[in-house]
Number of protein chains: 2
Amino acid sequence: MGRHREFDVEKALDAALCVFWRKGYEGASYADLTEATGVERPALYSAFGNKEALFRQALDRYYERYLDYLPKALELPTSREVAAFIMSNAIDLNTRYPSHTGCLGINGVLAGSDEAEPVRQALIDARAVGEMQLRERFERAKAEGDLPETAKPAALAAFLLAVLHGMAVQAKAGFSREALEAVAEQALSAWPTKSA
Amino acid sequence: MGRHREFDVEKALDAALCVFWRKGYEGASYADLTEATGVERPALYSAFGNKEALFRQALDRYYERYLDYLPKALELPTSREVAAFIMSNAIDLNTRYPSHTGCLGINGVLAGSDEAEPVRQALIDARAVGEMQLRERFERAKAEGDLPETAKPAALAAFLLAVLHGMAVQAKAGFSREALEAVAEQALSAWPTKSA
DNA sequence: TGAATTTCATAATGGTCGTTATTAAACCAC
DNA sequence: GTGGTTTAATAACGACCATTATGAAATTCA
């Protein structure tokens, strides 16, 4: 019983996600969030909790709605295809929406005041999970003979993530899709192959 | 005539620079700045102007004091040495001070509220200058025969900067020097050479 | 219809932000 | 010394921050 909720929680979370994407965690104010969601402050609090909880839910949604290409990529047959697929999708994601370029995780909190530290740590942890998955995938590639014996899966995973992060920064700085594709092509040209 | 300034402006700027380095532009408050510099707020205003002006002066100082390896790098004989030297120095800079890891320019403002937009643009512009210098250097390398005819100087410059930005993000996330060196090594392994 | 319950919008909370009056202290030229 | 001038420190400014108390509106069950 009781009064019904008059706004769509899913839509509100999507709108909040875009605000965080564009302005980062601390840069997004409740004035921004209420304007984007069309939902008054108290309603946001009752639906999502405080700002940190709202951001964490937006981050979860970001992974499942926008980073869904990551699990798909890991299933591709070769490590090179994995890397190429991820970079291609990341470029698209980083440049698709002019109003919120780059990556939510990177824009979110690179630096900020001390009270943003828990959120910063959450983003670092999420990044570390992705890195581990990549490393395991490349270890498998090495075991399968897709990667040469000299290949270092951990270094490859770190390298790929570095390029991805760098492209996210460049996208935030206004880089075009074409420029980022040239970066990805250069990164791929270094990819180790089995053939000696 | 008049009373003498009791604090060292240079030292105060250095201290402010470290605060911005660690917390970014918006994340750094005047409470942080006065504590780090030992200078009261009004004195900071009279010496440097407002917060944006202070940040810009800190950024200038950052380039001349910490990024002084960039002009040196451009004078090295080969493009590969240029890239290797820059990455090596960047890794050192990004991990040398545990209290302010990563890069001031990257940490400064990736995202933030709208009023930080002028500062964000200043950082983007500064980055663009560095990219242009790299591109010109690689064009020279191509003309000199150091780089093959198939090499794309603009793409190489963008790629190198992407890796540098990515390493800065990773340093902020706690990456060790060794991990970053593996990333740099992987990036260098892709570097085009004249010999077919 | 009426009591219970949930959501709604308005507005206020204490705190911190960047910025600046204000006043006391220190210095130089005369 | 004294007047003129610059800096120093305290404290205040309005604005905005995240968060929440408050009471009206809306719905369900009895």
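Order of the sequence lines fixes the chain letters, A, B, ..., with proteins taken first and strands second; residue numbering starts at 1 for each chain. Because only heavy atoms are used, hydrogens play no part in the values below, and waters and symmetry mates are left out as well, while side chains stay in.
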Side chains of residues 119-131 of chain A: which donor-acceptor pairs under 3.5 Å do they make with residues two or more places apart or in other chains?
residue: A:R120; atom: NE; partner: A:E117; partner atom: OE1; Å: 3.1
residue: A:R120; atom: NH2; partner: A:S113; partner atom: O; Å: 3.4
residue: A:R120; atom: NH2; partner: A:E117; partner atom: OE1; Å: 2.8
residue: A:Q121; atom: NE2; partner: A:D125; partner atom: OD1; Å: 3.3
residue: A:R127; atom: NH2; partner: A:E131; partner atom: OE1; Å: 3.4

Which atom pairs, donor and acceptor, lie under 3.5 Å between side-chain atoms of residues 95-102 of chain B and protein residues at least two apart or in another chain?
residue: B:T95; atom: OG1; partner: B:I91; partner atom: O; Å: 2.8
residue: B:R96; atom: NE; partner: B:D92; partner atom: OD2; Å: 3.0
residue: B:R96; atom: NH2; partner: B:D92; partner atom: OD2; Å: 2.8

Those residues at least two apart in sequence (or on a different chain) that pass ring-ring contact (aromatic ring centres under 6.0 Å, His included) with A:Y25 are A:F55
Evaluate whether atom CD of B:E64 has more than 12 neighbouring non-hydrogen atoms of other residues, nucleotides or ligands under 6.0 angstrom away. yes
Sorted by chain and number, sequence neighbours left out, side-chain contact (heavy atoms from CB on, under 4.5 Å) with A:A187 holds for A:M87, A:F159, A:V163, B:F159
B:L44 CG to C:dT19 C1', in whole Å, measures 12 Å
In 5'-to-3' order, the base (B), backbone-only (S) or no-contact (-) status of each nucleotide in nucleotides 14-26 of chain D, using a 4.0 angstrom heavy-atom cut-off, is ---SSBBB---BB
Atom CD of B:E40 and atom C1' of C:dT23 are separated, to the nearest Å, by 15 Å
In whole angstroms, the gap separating P of D:dT7 from CZ of B:F7 amounts to 9 Å
For A:M132, the hydrophobic cluster (side chain heavy atoms closer than 4.5 Å, chained through members) also holds none
Between CZ of B:R5 and P of D:dA9 the distance, given in whole Å, is 12 Å
